[in-house]
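Residue indices begin at 1 and follow the sequence shown. From a predicted model like this one, the values you see are computed outputs, not experimental measurements.
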Amino acid sequence: MNQRAFRMLIIAAFMCGSRGWAQQTPPGSVTLPLPEYNRLLELAKKAPRPPERPPIAAALTEADIRGTVEGDRLHGTMRIYGEVFQKGPTEVRLVQNTTLFGARLGGRPLPLWFHDNGCSTVLDGPASFSVELDWETPVSTEPGRATFQISAPDAAGVHTAIEIPAAMADAHVERGIITGKTSLKGKTTVEATLEPGRPARFWWSSRETTAAAAVKPVRFLSDIKTLVTIGEADISMAALVDVTVLQGDPVRFNVRLPERYEVTGATGSTVDATEQAGDTLAVVVRDASRRRRQFLVTLERPTEGGSLETDAGLPVVEGSQRETGDVAVEGAGTMELTVVEGGGMQRVDVRECAGALRALARYPLLAAFRYQRKMSEPPALTLGVKRFLDAPVLAAVAESAEVTTLVTAQGRMLTEVSLTVRNHTQPYLKVGVPDSATLLSAEVAGEAVKPVKGKDGTRVPLLRPGYRPDAPYRVSYVYMDAGAALGKAGTAKLAIPQMDIPVLLLRWEMMVPDQYKARDFGGEAIQTASCTVEDRRAWTVYSKATLDDLPDNVPTARDPLVSESMRGAPGDGTVTGTVVDQTGGVLPGATVTLTNREIGTQARVTGINGDFAFPFLPSGDYDLQAELDGFATYAQKQVHVRSGGGVDLQIILKPTSVAEVITVTAEQPIIDTKKTGTGFNFTQEVLSDSGGSGGYYSAPKKDREREATGPSSNVLNLQKRVSGVLPIRVEIPRAGVSYRFIRSLVLDEETTVTFEYKRR
């Protein structure tokens with residue numbers, strides 16, 4: 001039996017004796033009822049309850065901070081009150097980010113422990129304590145102003161009293177409240193309550209009571225550069241005020257504001273405060289001895305939106321001996337702006353306005369002015385704004401895309417995409433190349449550029465530094481896609497990545513190794529050999545797009561809004577064609593002339609795809625001639641054009657080093673769209689030159705419908721670039737078969753071709 005049970009038995013025996021039970025038992029024995037005895041045994045088995053522990057080891061209850069400013073430092077004492085709750089030695093956190101010189105507890109030195117930008121000590125508990133610390137902090141001074149910082153302990157209440165060596169000091173505190181301020185013998189004592197556990201910043205400026213010196217009259221010059229922004233529902237101003245002080249030490253400048261404007265901001269490196277009273281903004285500055293000052297004032301006034309006519313007004317610095325300024329006007333959206341200027345305003349070119357205004361502008365500058373303010377008449381502007389509804393405009397469009405793909409037996413695909421681009425403002429072309437592809441190179445107008453890899457895709461630059469085109473130009477890029485190796489037979493799929501500009505006409509040449517044969521083509525692109533006569537003529541005549549798929553803003557001969565002079569007389573014919581070399585490669589830059597007694601001579605220069613067109617021709621016989629440096633001159637007599645019909649030609653130029661002329665005579669039209677059939681009448685020389693090179697209408701029907709042709713110059717050029725130019729090592733087939741495809745009006749979508757292949 002433990003001691004507790006024994007004590008309880010003694011108490012029970014005493015209680016029983018008091019009730020008379022002891023008189024019934026012999027001396028020296030204790031008698032208890034059995035239930036009482038069992039209850040005592042159960043109580044003896046229970047473990048004693050441990051004492052409850054406090055929720056925290058220690059707490060700071062109050063802090064009293066005293067200090068005196070002497071020169072460039074503030075020193076004093078800090079008394080911290082608190083209580084330790086748990087028994088034994090306990091760590092107590094006192095203060096953070098404070099320089100201490102000593103600590104005392106009950107008049108005896110107290111050791112401190114510095115860690116984590118703060119200091120702690122070890123106190124024995126449970127007990128209350130009062131710790132006294134000696135501390136010091138630097139004081140930052142500048143003319144008329146001083147600043148220091150105090151780290152408040154994390155106590156329930158923090159009180160401070162700081163003595164400042166300045167009479168009638170204008171004191172301020174951040175993260176605290178000043179509760180009292182007294183001045184005595186040229187010093188000011190500031191009392192404040194601080195926010196516990198946070199650094200508090202004090203600053204003050206003194207007001208000296210010495211005799212006032214003779215005040216010199218203030219003289220200064222001002223220059224105001226004002227940007228007026230006409231927004232959708234407001235008119236805002238940003239006025240950059242530049243003041244040059246000639247005499248005196250001014251600390252306040254008054255800016256008179258235009259009517260109905262609200263100040264939204266006033267900033268500057270020496271601006272101390274601003275005060276607005278009516279239409280005047282007072283700007284209070286620091287460092288009165290400075291001769292040059294600059295500050296920015298922003299204003300705003302709401303409008304009803306839409307078209308308007310209003311007096312803009314301009315800010316003016318009062319008291320200036322001479323004031324000059326520049327004014328620039330910009331606007332958001334499409335508008336017609338009329339400005340009536342007054343008060344010495346002179347209109348200047350927007351390129352002559354100050355660079356600061358061009359830097360502040362967010363929209364194109366519409367007008368610019370320069371003025372020197374007259375004392376009798378302030379500068380003013382009356383703005384008349386006529387707004388127009390915004391219409392969607394394409395930033396860039398590709399007139400055509402020439403794509404060349406070389407397929408290897410290992411399944412790799414090397415592709416070059418060459419675009420003829422009309423670009424207004426778009427800097428990059430977003431290209432959706434697959435993850436398995438690597439972009440190897442890119443060019444803009446013949447010069448190499450660096451593609452950019454972003455989170456949402458790859459971007460090819462459409463512009464380069466210093467190049468701002470005003471006509472179509474060439475943008476190209478080359479990429480390698482690691483596909484699956486070709487077997488003996490199977491199905492393959494090729495894709496041209498999606499691009500975020502519309503492509504009016506896409507031409508695709510795919511070359512597969514010579515040991516493979518492809519058939520059963522499918523996908524979005526159409527094989528050239530399967531195109532009808534009408535399809536090909538339409539693509540060539542109407543700027544590389546089918547008539548039904550042309551954008552709404554491209555006029556065609558079918559458009560009822562096109563004038564008769566553009567459309568031509570009813571029954572007019574057309575001569576179109578392509579100029580190629582003996583390998584079938586297109587020849588851009590060739591000059592094609594068409595001569596007739598009625599219309600005289602017309603000339604066309606072939607585009608990047610080697611094509612040309614003479615629309616709206618009267619019926620009759622024409623003489624055609626094609627010339628290009630390095631090639632023999634091609635001439636064809638009696639090209640017959642019928643009313644409402646079309647003639648489509650393929651001109652093959654032979655390279656030569658001497659002057660040579662190849663003459664072809666065609667007695668019948670090559671294509672007559674008025675008939676259901678197609679007739680051909682070639683001389684033997686034409687047939688021998690064509691060689692079945694894959695050109696349109698240059699061979700009989702059975703040759704035009706061949707599925708495969710020899711590679712063009714595009715393939716040969718890409719093969720040359722692989723050798724030492726592109727940063728890759730890949731075995732490109734030197735011999736192969738080319739398949740050509742075409743697609744019109746590709747709008748931000750992928751173009752694919754599927755086919756079945758078999759080893760020969």
Side-chain angles (χ1 to χ4, degrees), residues 69 71-72 138-149 164-166 168-175 188 200-210 212-227 236-258 261-300 314-328 354-360 373:
V69 176
D72 59 351
V139 177
S140 301
T141 60
E142 59 184 69
R145 184 184 177 96
T147 306
F148 63 85
Q149 184 170 294
I164 299 172
M168 301 300 294
D170 184 14
H172 304 270
V173 62
E174 183 179 340
R175 293 198 178 99
T188 301
R201 189 171 69 93
F202 284 80
W203 72 93
W204 76 92
S205 58
S206 60
R207 297 192 289 271
E208 302 294 340
T209 57
T210 57
V215 179
K216 295 182 179 180
V218 175
R219 297 182 180 275
F220 62 89
L221 308 177
S222 60
D223 181 79
I224 305 178
K225 298 175 178 62
T226 307
L227 176 67
S236 59
M237 288 188 185
L240 183 63
V241 182
D242 198 337
V243 176
T244 302
V245 179
L246 304 178
Q247 180 177 294
D249 298 320
V251 295
R252 184 187 184 99
F253 296 94
N254 294 327
V255 180
R256 189 167 69 251
L257 308 175
Y261 279 86
E262 180 182 353
V263 178
T264 58
T267 59
S269 59
T270 61
V271 174
D272 192 24
T274 58
E275 301 173 0
Q276 184 175 0
D279 61 350
T280 301
L281 176 68
V283 180
V284 181
V285 297
R286 301 188 298 269
D287 190 5
S289 60
R290 293 188 61 170
R291 301 290 93 185
R292 176 81 180 273
R293 300 183 183 278
Q294 195 175 68
F295 50 89
L296 180 68
V297 179
T298 55
L299 312 171
E300 190 175 273
L314 292 173
V316 172
V317 181
E318 296 180 349
S320 176
Q321 271 62 52
R322 186 187 67 191
E323 182 173 285
T324 58
D326 285 15
V327 181
L357 293 181
R358 294 195 299 270
L360 288 172
R373 179 167 64 92

Check whether any side-chain N or O of R286 sits under 3.5 Å from a backbone N or O of V271 as a donor-acceptor pair, and report yes or no.
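Yes, because the side chain of R286 sits within donor-acceptor range (under 3.5 Å) of the backbone of V271.
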Main-chain N/O of F202 paired to Q149 side chain as donor or acceptor, under 3.5 Å:
no
Considering all heavy atoms, the nearest I224-A239 contact
CG2-CB, 4.0 Å
Please name the pair of heavy atoms, one in A266 and one in T274, separated by the smallest distance, quoted to 0.1 Å.
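Between these two residues, the closest heavy atoms are CB-CG2, 3.7 Å.
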Determine the sole option in V173, V69, T188 for which the side-chain contact (heavy atoms from CB on, under 4.5 Å) test with W204 is passed.
V69
Heavy-atom count around Q321 CD within 6.0 Å, excluding the residue itself: above 12?
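Buried by this count: over 12 neighbours within 6.0 Å.
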Should we count CZ of R201 as having more than 12 external heavy atoms under 6.0 Å?
yes
For the pair F220 and F253, name the ring-plane relationship: parallel under 30°, tilted 30 to 60°, perpendicular over 60°.
perpendicular
Are L281 and N254 close enough, and set up right, to give a side chain to side chain contact (heavy atoms under 4.5 Å, CB included), and what steps lead you there?
CA-CA 6 Å; L281 176 68; N254 294 327; over 6 Å; no
Verdict with supporting geometry, V263 and L257, side chain to side chain contact (heavy atoms under 4.5 Å, CB included)
CA-CA 9 Å; V263 178; L257 308 175; 3.4 Å; yes
Where do R252 and E275 land on the side chain to side chain contact (heavy atoms under 4.5 Å, CB included) test, with the steps shown first?
CA-CA 10 Å; R252 184 187 184 99; E275 301 173 0; 3.5 Å; yes
Would you say the side chain of [Y] lies within less than 4.5 Å of the side chain of [X], judging by non-hydrogen atoms?
{"X": "E300", "Y": "Y261", "answer": "no"}
{"X": "M237", "Y": "P315", "answer": "yes"}
{"X": "L299", "Y": "P258", "answer": "yes"}
{"X": "V139", "Y": "T147", "answer": "no"}

Say you draw a straight line from [atom1] of [X] to [atom2] of [Y]; how long is it, rounded to the nearest 0.5 Å?
{"X": "R373", "Y": "S320", "atom1": "CZ", "atom2": "OG", "value": "6.0 Å"}
{"X": "S269", "Y": "D287", "atom1": "OG", "atom2": "CG", "value": "9.5 Å"}
{"X": "L360", "Y": "T226", "atom1": "CG", "atom2": "OG1", "value": "10.5 Å"}
{"X": "Q294", "Y": "T267", "atom1": "CD", "atom2": "OG1", "value": "10.0 Å"}
{"X": "L227", "Y": "D326", "atom1": "CG", "atom2": "CG", "value": "11.5 Å"}
{"X": "L240", "Y": "K225", "atom1": "CG", "atom2": "NZ", "value": "6.5 Å"}

Looking only at the side chains, is there a donor atom on one of [X] and [Y] sitting less than 3.5 Å from an acceptor on the other?
{"X": "S222", "Y": "E323", "result": "yes"}
{"X": "T298", "Y": "T264", "result": "yes"}
{"X": "D272", "Y": "T270", "result": "no"}

Assess whether salt bridge (charged side-chain N to carboxylate O under 4.0 Å, His left out) is satisfied between D223 and R322, documenting all intermediate values.
CA-CA 8 Å; D223 181 79; R322 186 187 67 191; over 6 Å; no
Could you walk me through whether D72 and T141 satisfy the side chain to side chain contact (heavy atoms under 4.5 Å, CB included) test, starting with their C-alpha distance in whole Å, then the side-chain angles of each, then the deciding distance to 0.1 Å, before giving a yes or no?
CA-CA 7 Å; D72 59 351; T141 60; 5.8 Å; no
Give a yes or no on whether a salt bridge exists between R292 and D242, defined as a side-chain N under 4.0 angstrom from a carboxylate O.
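Result for this pair is yes, salt bridge flagged.
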